[in-house]
Amino acid sequence: QAQLVESGGGLVQAGGSLRLSCAASGRTFSDYAMGWFRQAPGKDREFVAAIGWSGGTTHYTDSVQGRFTIIRDNSKNTVFLQMNSLKPEDTAVYYCAADSHQYRRNPVTTTSEYNYWGQGTQVIVSS
């Protein structure tokens, strides 16, 4: 059974940093692009960042560009989201997800293209 488990969320002051982790198991996740999404209360789930299956391609939503970094360690089946210079508007539940297609060259940003999801980890940024 394929499974994604996020960790690393918490409460941080504005300007601070957090590092989210996503541990994957149950299939060869190294063959798939991976993404991070977030959902704030009362809002739709939105794309944050994605990384290609080999780690050579990344993509970010404009609001986190330059502040967040997505990386993957395929030897450990783990994807990370390093979040720096956090802002109150970054407050949300963050979800890790796996692409539904193998070896996709360019990571995608829509939730419908991801078929495995973690349970989410809460990030709260205080002002």
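From a predicted model like this one, the values you see are computed outputs, not experimental measurements.
Between the CG atom in Asn84 and the CZ atom in Arg67 there is a gap of 9.0 Å [rounded to 0.5 Å]. Between the NZ atom in Lys87 and the OG atom in Ser63 there is a gap of 8.0 Å [rounded to 0.5 Å]. Annotation: the span from Ser127 atom OG to Gln13 atom CD amounts to 9.5 Å, rounded to 0.5 Å. For the atom pair OG1 of Thr110 and CD of Glu113, the computed distance is 4.5 Å after rounding to the nearest 0.5 Å. Atoms CD1 and CE, on Ile71 and Met34 in that order, are 13.0 Å from each other to the nearest 0.5 Å.
In this structure a side-chain-to-backbone donor-acceptor pair under 3.5 Å is present from Glu6 to Gly120. The closest donor-acceptor contact from the side chain of Ser100 to the backbone of Asn115 lies at 3.5 Å or more, if one exists at all. A donor-acceptor pair is defined here as one N or O able to donate and one able to accept, closer than 3.5 Å; no such pair exists between the side chain of Arg19 and the backbone of Gln82.
Annotation: ring-ring contact (aromatic ring centres under 6.0 Å, His included) contacts of Phe29 (sequence neighbours excluded): none.
Side-chain contact between Ile124 and Gln122 is present, with at least one heavy-atom pair separated by less than 4.5 Å. Contact of the Thr57 side chain with the His59 side chain is not registered, since no non-hydrogen atoms from C-beta on lie closer than 4.5 Å. Leu20 places none of its side-chain heavy atoms less than 4.5 Å from the side chain of Phe80. Side-chain contact between Met83 and Tyr94: present, with at least one pair of heavy atoms (C-beta onward) separated by less than 4.5 Å. Looking only at side-chain heavy atoms (C-beta outward), Val79 and Trp36 come within less than 4.5 Å of each other. Contact of the Leu86 side chain with the Leu18 side chain is registered, since non-hydrogen atoms from C-beta on lie closer than 4.5 Å. Trp117 has its side chain out of reach of Cys96: every pair of non-hydrogen atoms, C-beta onward, lies at least 4.5 Å apart. Two residues are said to be in side-chain contact when any heavy atoms from C-beta on lie closer than 4.5 Å; Gln119 and Leu4 fail this criterion.
Screening Val123, Val125, Leu11 for a side chain to side chain contact (heavy atoms under 4.5 Å, CB included) with Thr91, the sole residue that qualifies is Val125.
For the residue pair Asn106 and Arg104, no side-chain donor N or O sits within less than 3.5 Å of a side-chain acceptor on the partner. Between the side chains of Thr78 and Asp73, no donor N or O sits under 3.5 Å from an acceptor N or O.
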- Message: Set out, in order, the CA-CA distance, both residues' side-chain angles and the distance that settles side chain to side chain contact (heavy atoms under 4.5 Å, CB included) for Asp90 and Phe68, then state yes or no.
- Response: CA-CA 11 Å; Asp90 294 319; Phe68 291 11; 3.9 Å; yes
- Task: Applying side chain to side chain contact (heavy atoms under 4.5 Å, CB included), run through Leu81 and Val48 and close with a yes or a no.
- Result: CA-CA 10 Å; Leu81 185 67; Val48 176; 4.2 Å; yes
- Task: Determine, step by step, whether Thr69 and Tyr60 satisfy the side chain to side chain contact (heavy atoms under 4.5 Å, CB included) criterion, reporting the C-alpha distance in whole Å, the side-chain angles of both residues, the deciding distance to 0.1 Å, and the verdict.
- Result: CA-CA 8 Å; Thr69 303; Tyr60 300 91; 3.8 Å; yes
- Task: Give the C-alpha distance, both sets of side-chain angles, the deciding distance and a yes or no for side chain to side chain contact (heavy atoms under 4.5 Å, CB included) between Glu46 and Asp44.
- Result: CA-CA 6 Å; Glu46 65 172 358; Asp44 292 336; over 6 Å; no
- Task: Just do the ring-ring contact (aromatic ring centres under 6.0 Å, His included) check on Tyr114 and Phe37 with the steps written out, would you?
- Result: CA-CA 11 Å; Tyr114 292 81; Phe37 292 75; 5.1 Å; yes
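Stacking of Arg38 on the aromatic ring of Tyr95 is not recorded, the 6.0 Å distance cut-off and the 45° axial limit not both being met.
Taking both residues in full, the closest heavy atoms of Pro107 and Gly52 are given as CG-N, 4.1 Å, listed atom of the first, atom of the second, then distance. The two residues Ala40 and Ala92 come nearest to each other via the heavy atoms N-CB, 3.8 Å.
Listed by first and then second residue, the side chain to side chain donor-acceptor pair (under 3.5 Å) pairs that reach into residues 24-35 are Asp31-Gln102, Asp31-Tyr103, sequence neighbours excluded.
One hydrophobic cluster, built from ILVMFWY side chains closer than 4.5 Å, holds both Val64 and Ile70.
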